[in-house]
Amino acid sequence: MRSNHCRSGVLATLFLAFILLSGQLCTGAAAAVLEAKIGLALSMTGGAAAYGATQKQGAQLAVDEINAATGAAGIKVVPVFEDDASQPQQGITVFNKFINGDKVALIIGPTLSNTAQVTDRIAQQAGMPVLAVSNTAKGITEIGDYIFRDSLTEMIVIPYTMKIAREKLGVHKVAVFYGNDDAFTKGGYDAFKKALADAHIEIVTEQTFAKGDRDFSPQLTQIKGKNPDAIVVSALVEEASGIVIQARQLGIPASIPIIGGNGFNSPALLANAGEAAEGVMMGAAWNASSILPLNKKFVEAFTAKYGHPPDQFAAQAYAGVYLACEAVKRAGSATDHKAIRKAMSEIKDLDTVLGKFSFTPERDADHTPVVQVVKGGKFAVFGE
Amino acid sequence: MEALGQFFAIYGSLVNFIGINALLALSLYLTLAAGQLSLGSAAFAAIGGYTAGILTMKCGFPFLLSVAIGSILSGLVGLVIGLPVLRLRGVFLAIATLSFGEVVRIIVLNLDITGGAQGLVGIPNLTKTWGIYLTLALAGYSIARLRRSRAGWCFESIREDETAAAAMGINTTYYKTLAFTLGALLAGLAGGLYAHLNYIITPREFGFSVAVDLLIYNIVGGVRCWYGPMLGAFLLTALPEILRGTGVAAGPVRMAANGLILLLVILFLPNGLVSVFTRPGRPQAGLPPAAVAEEV
Amino acid sequence: MLEIVELTVAYGPLEVVRRVSFQVKKGTVVTLIGPNGAGKTSILNAVSGVVPARRGRILFDGRDITRLPAHRRVSEGLVQVPEGRQVLAGMTVRENLELGGYRRPIREVMQDVVRMEERFPILGERRQMMAGSLSGGEQQLLAIARGMMARPKLLLLDEPSLGLAPKMVQAVFETIAQLKAEGLTILLVEQNAHLALASSSHAYVLESGKMVMDGPAQTLRSEAAIISAYLGQAI
Amino acid sequence: MDLLAQQLINGLFIGSVYGLFAVGYTLVFGVLDILNLAHAAVFTLGGLLALWLVETAGLSLWLAFPASVLACGVLGLILDRVAFAPLRQRADSNFSGLISSIAMAIIFESAALGLFGARTVRFPAHTVSVHIWRWGGISITSLQVEIVAVALLLMVGLTQFLNRARAGKAIRAVAENDRTARLLGIHVDGIIAFTFFISSALGGAAGILFGLYFDSLSPDMGRSIELKGLAVIILGGMGSIPGAIIGGLAFGLSEVLTVAITGTSNLRDAVAFTVLFAVLILRPSGIFGRRKMREA
Amino acid sequence: MLLQVRDVTRTFGGVKALDGVCLEVEKGGVHGLIGPNGAGKTTLINILSGITAPSSGEVLLDGQAVHGLPAHRLAAMGVARTFQNIRIFPAMTCLENVMAGQHMVASRPFFPRLFCLPSARRREKDQRIEALACLRRVGIEARADFPAKALSYGERRRLEIARALASRPRLLLLDEPVAGMRQKGVQEMGRLVQSLAAEGMTLLLIEHNMAFVMGLCSRITVLNFGRTLTTGNPEQVSHHSEVIEAYLGVSESHA
């Protein structure tokens with residue numbers, strides 16, 4: 001009886017209204033000579049909001065710099081920032097909007113590897129170049145020849161770090177501590193595990209935590225009981241700071257170094273862990289303490305603009321915008337995605353804040369990682 | 001026509017997600033229709049999704065078979081879980097199903113075959129938009145037709161008043177379990193379709209917040225009518241995009257607008273969005289009967 | 001002291017009390033009697049302010065209190081002892097008493113609690129027990145004592161004999177008689193007509209939400225109509 | 001032996017943190033039978049606001065602490081007014097109240113995100129001085145001791161308040177029977193608002209202590225503890241103050257003991273939620289609950 | 001005897017709500033159950049309909065022990081009831097309420113409905129006609145398509161009875177069917193009860209309206225404090241001194 005009152009017409013009306021509404025979005029891109037529209041799909045809300053925010057700051061800084069020098073560079077960047085709310089579902093819509101609505105030159109992002117696994121396939125199918133600036137999971141660039149990344153993966157950073165640790169510190173047995181519910185930290189763990197096996201370092205215990213955990217003492221207590229030479233941690237900086245502080249509070253001496261990966265390379269570690277961070281070692285893609293002029297300028301400009309120093313995510317996003325502009329400039333077109341892809345793949349030894357930058361044939365970042373250590377409240381290159 | 005093509009180019013995936021979310025919302029609706037507040041649908045979707053994905057990817061099963069097996073397995077788990085938990089009522093049932101969901105998520109996270117945190121990657125993309133909407137249409141139709149069947153009458157009676165339903169001869173335990181199992185079956189089905197949509201599924205897509213979202217779809221849409229949950233799923237899945245379209249800035253403001261709209265619906269549309277479309281003229285006056293009975 | 005004018009109480013479409021008027025004079029005990037469902041409790045609840053009056057006026061000490069919130073009416077000295085006792089079962093006897101004086105200064109309340117425990121020795125003995133563990137009769141005494149803690153000017157007693165053994169009923173009505181002797185004004189709702197009429201000066205008879213009869217209690221006691229209202233024409 | 005002792009201390013400590021969070025949570029549930037899912041968001045705002053007062057406004061912690069606790073209390077009043085009071089007369093008030101509290105949680109969280117940014121931040125070093133005591137392999141920090149002490153103090157204090165203070169007794173009376181409470185002259189709506197005030201103020205205090213100890217505050221910090229808080233109040237018995245603290249301790253100990261006994265931490269949460277599930281099935285009123293199971 | 005209650009006791013947390021109650025109801029009779037508030041009448045009805053189980057004692061339906069069976073089993077054996085505080089399904093229409101009540105007797109397979117088979121439509125039509133007949137029986141046919149929550153109080157009572165009738169019960173338990181009704185409604189209800197009894201249905205009813213009870217019931221059982229005070233015909237019961245006492249309180253001659 002009541003089902004008579006259920007009218008699907010209502011649904012149809014809503015649907016139509018929705019179409020009309022969205023039609024307004026698609027007022028096409030105004031064509032200007034070498035005005036490069038770049039879509040940035042970042043996580044500004046949700047679980048990865050902290051990373052999206054710093055990425056946006058880094059990217060915005062680069063955009064401002066490039067546009068300020070438009071006359072000389074001959075290119076104007078029009079950034080389109082969109083929030084994927086840290087969800088693959090929304091990431092897909094953002095990508096579709098960039099590709100079909102905004103008709104951008106190329107896309108930078110998304111923040112999370114999980115999202116990229118899905119969105120990058122869409123871009124690949126549409127022939128839209130994507131430059132990942134923070135995805136480090138396995139298999140991202142394998143999605144296709146339009147997918148690039150400037151973020152050095154843990155697979156490259158960590159073996160290098162472990163090699164140094166074994167040579168310089170004489171580490172033979174370690175405890176491994178990682179976040180098992182997050183693609184980044186789990187990927188880091190896989191990299192550590194492989195690197196440790198390759199370097200013949202024994203793993204005495206493996207402990208895990210979950211994203212959002214604040215208390216790590218039960219696991220660290222277990223680790224302490226095993227007396228490792230070092231603790232190898234795969235974590236993002238929120239958890240990393242807590243782990244470092246609590247390890248020291250539980251009486252794990254500073255003589256047992258804590259070794260991390262890319263996730264540790266953030267000023268937030270220094271700010272949040274304070275003195276406890278002293279002596280923490282990490283392999284990283286970006287050398288925060290580099291005195292190269294380009295890098296120094298970036299750190300100063302960033303700090304001046306936002307009131308806090310940049311982290312690796314900001315640096316990689318910053319470099320990403322420059323790489324994107326370079327590709328568009330070389331391609332000489334903001335709409336010919338094929339040309340932009342080709343130009344991007346041909347970038348070689350470009351000076352960036354990440355160092356001399358090239359893409360490997362697999363479109364991954366190719367520059368030397370750095371092993372850093374916290375010394376006197378600052379990042380320093382290990383061994384220098 | 002071009003505008004429509006453009007629309008689908010941008011929002012095709014959104015249309016897919018709306019369909020999947022509507023299916024999931026319907027699965028929860030089945031238990032809500034029998035008056036039971038469950039937050040387990042996300043976990044059942046995970047069971048169905050992972051099972052189907054693994055069967056297609058690693059065992060080479062055909063798509064439809066995988067999805068069917070995933071769905072049936074999810075239904076079986078629903079049956080086993082349903083028997084003990086359905087003795088609980090209200091929030092207690094909700095929390096029991098929620099903790100079941102957490103356990104499922106953690107198990108998925110720790111298994112090798114599911115790919116752990118990085119998810120099950122490389123599931124072939126076999127689910128098509130028409131497939132989702134065909135399933136949705138069939139499920140919606142079946143649920144609409146269920147209304148006048150024996151089970152449908154029992155669900156509705158139990159929801160309205162469990163004691164009176166029992167006194168009328170309804171085996172409440174049986175029908176509550178049936179509703180729960182059917183819900184799990186449908187959630188498993190939706191999970192299987194979802195798994196074959198995006199190449200990848202991860203444990204995070206089936207967590208606490210998803211479970212809560214499904215409940216929100218139902219409440220916002222309205223649980224008095226089978227199309228309420230679909231309407232809720234449609235509106236709330238599209239809401240971020242609508243806000244994006246209307247130029248509400250990304251980030252916190254959009255999030256706040258999202259929350260505000262939810263709040264307004266709850267405060268001013270007690271029976272959900274469907275009540276907007278209920279034909280006026282049918283008398284709706286009167287306090288809930290309990291208030292009357294108590295005083296006389 | 002209390003004057004009810006054309007009071008109508010309704011729940012949704014259902015009017016349970018229709019245009020009822022009556023009054024309670026200071027220092028008297030007035031009874032509302034009538035079969036179940038006649039609307040007696042609804043009248044008390046409207047007087048206490050826990051259900052709204054749909055129409056009509058409630059005057060207390062000459063003041064119109066129809067729209068006054070329930071807790072303010074307690075401050076004014078209008079206190080109900082609810083049907084079925086409704087003690088706070090999970091709280092101790094003493095706490096129940098203390099809460100009875102919720103709207104009065106705490107020092108006075110503590111003195112009154114002691115006084116009340118002297119007056120009802122059984123409550124004094126059980127002061128640390130959970131109210132829910134008392135027998136029905138003890139709970140009724142507690143409910144009355146709790147009502148007295150508010151220092152009421154007018155006490156509304158709803159079915160004090162409900163579900164009590166005859167002995168306890170007697171005890172309860174002895175208490176009511178004492179309160180009356182002390183000069184307290186009481187509006188009593190009772191289904192035990194004989195007892196109620198014996199202890200009151202004036203009575204109103206309700207049937208199906210309407211006032212059907214009223215008069216001095218003595219007169220009504222002999223009225224056959226009362227009996228018929230309860231036991232039907234068969235008697 | 002040291003290892004086990006240290007683990008027990010760890011469990012005691014994290015359990016106290018859960019308990020602190022759960023105390024306010026359970027208070028509202030006890031009075032209103034409504035799960036206030038915005039509690040975690042208030043917890044977050046409390047911590048972040050205190051940090052802002054210390055860092056940006058330059059107040060000492062001794063001023064910032066009470067100020068932000070007070071502000072959280074006011075948030076509680078807003079919560080009651082906006083999300084709960086309008087629904088109170090509705091037949092499905094604990095259904096819709098659940099959803100409106102989710103809506104408020106989203107709004108609060110977006111406010112935290114908008115006002116304080118998404119980064120994880122901490123109180124400036126040496127906001128409080130921290131001592132570390134060590135005996136053999138065991139170490140305890142002064143902050144840990146303080147937090148356990150605060151948790152116990154709150155448990156005792158709040159229980160005493162509810163048992164002895166007039167307002168506390170009024171809260172219990174409303175929780176037990178709001179109609180009777182009204183007849184006793186208790187301003188029920190006022191008492192409910194007051195309960196929200198205390199509950200949210202306690203939530204804010206827990207947020208500050210949490211932030212102080214873990215040296216990390218972020219807009220989503222409430223999320224990870226929300227679900228565990230829910231588990232804790234079920235374990236302890238909904239509405240029971242000692243239950244919340246002891247349930248917190250039980251939950252914390254079950255976590256560390258899982259790690260200590262199995263040697264790995266993969267199953268930590270799975271075990272905790274399985275325990276919760278089992279408690280719900282076997283003893284739905286919780287360890288300390290005496291109240292009957294309530295209908296939805 | 002259709003129904004025999006033997007020595008049934010029910011305690012709630014130490015309080016004896018029923019204490020050794022015995023009761024026999026003849027087939028086809030209208031049996032009244034009276035007593036002051038709190039005497040245990042509703043508890044007894046709850047036991048007879050399977051909502052609660054007795055702590056001890058036996059209940060026999062047609063000679064078969066049924067105590068402790070769940071409510072749906074008792075309903076299947078032909079016991080239907082109404083509730084003192086009216087438990088209709090408020091969001092359903094009146095007709096839907098009654099059709100829900102057909103659960104025990106109606107066949108409603110899912111698949112014929114799913115495929116819109118004519119048999120399903122026919123069946124539903126028949127059931128609708130039957131439900132309408134039940135509504136007509138209680139005199140609220142005109143309200144068939146109203147949501148139940150929009151009914152007046154008396155109509156709700158009748159609707160609840162119509163729903164109970166829909167299951168074609170052998171034994172109908174009515175808990176205060178005319179409470180709060182006006183004289184006219186009471187009379188109509190009386191006629192309804194009589195006609196049901198005339199058709200061979202057995203009724204057990206709780207009621208405070210004595211005129212109603214005395215006029216309808218062939219036998220009456222009086223409960224007080226959970227015990228059977230007496231059982232007899234209306235004449236005997238209404239002149240039973242203990243009954244008068246229980247109702248009117250201790251009269252002065254006794255005090």
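Below, chain A is the first sequence line, B the second, and so on; all start at residue 1. All values derive from a computational prediction rather than experimental measurement. Below, each value reflects all heavy atoms present in this structure, side chains not excepted, and no hydrogens, waters or symmetry copies.
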Begin from the C-alpha positions of E:M92 and B:S157 and carry the test side chain to side chain contact (heavy atoms under 4.5 Å, CB included) through to its verdict.
CA-CA 9 Å; E:M92 293 186 195; B:S157 304; 4.0 Å; yes
Would a 4.5 Å heavy-atom cut-off, applied to side chains only, mark E:Q127 and B:R148 as touching?
no
Where does [X] contact chain B at under 4.5 Å (heavy atoms): side chain, backbone, both or neither?
X	result
E:I51	side chain
E:M99	both
E:R73	neither
E:R81	side chain
E:A106	backbone

With chain E as the partner, which of B:A151, B:A164, B:G152 has the greatest number of non-hydrogen pairs under 4.5 Å?
B:A164
B:A166, part contacting chain E, at a heavy-atom distance under 4.5 Å
both
Single hit among B:R159, B:E156, B:M168 for side-chain contact (heavy atoms from CB on, under 4.5 Å) with E:F89
B:M168
For B:E160 and E:I88, indicate whether the former's side chain and the latter's backbone hold a donor-acceptor pair under 3.5 Å.
no
Heavy-atom closest contact ([X] atom, [Y] atom, distance):
X	Y	result
B:I170	E:H72	O-CB, 3.3 Å
B:D161	E:R87	OD2-NE, 2.8 Å
B:A167	E:A75	O-CB, 3.6 Å
B:Y141	E:C116	OH-SG, 3.2 Å

Hey, could you give me the OG/CZ distance between B:S142 and E:R113, rounded to the nearest 0.5 Å?
11.5 Å
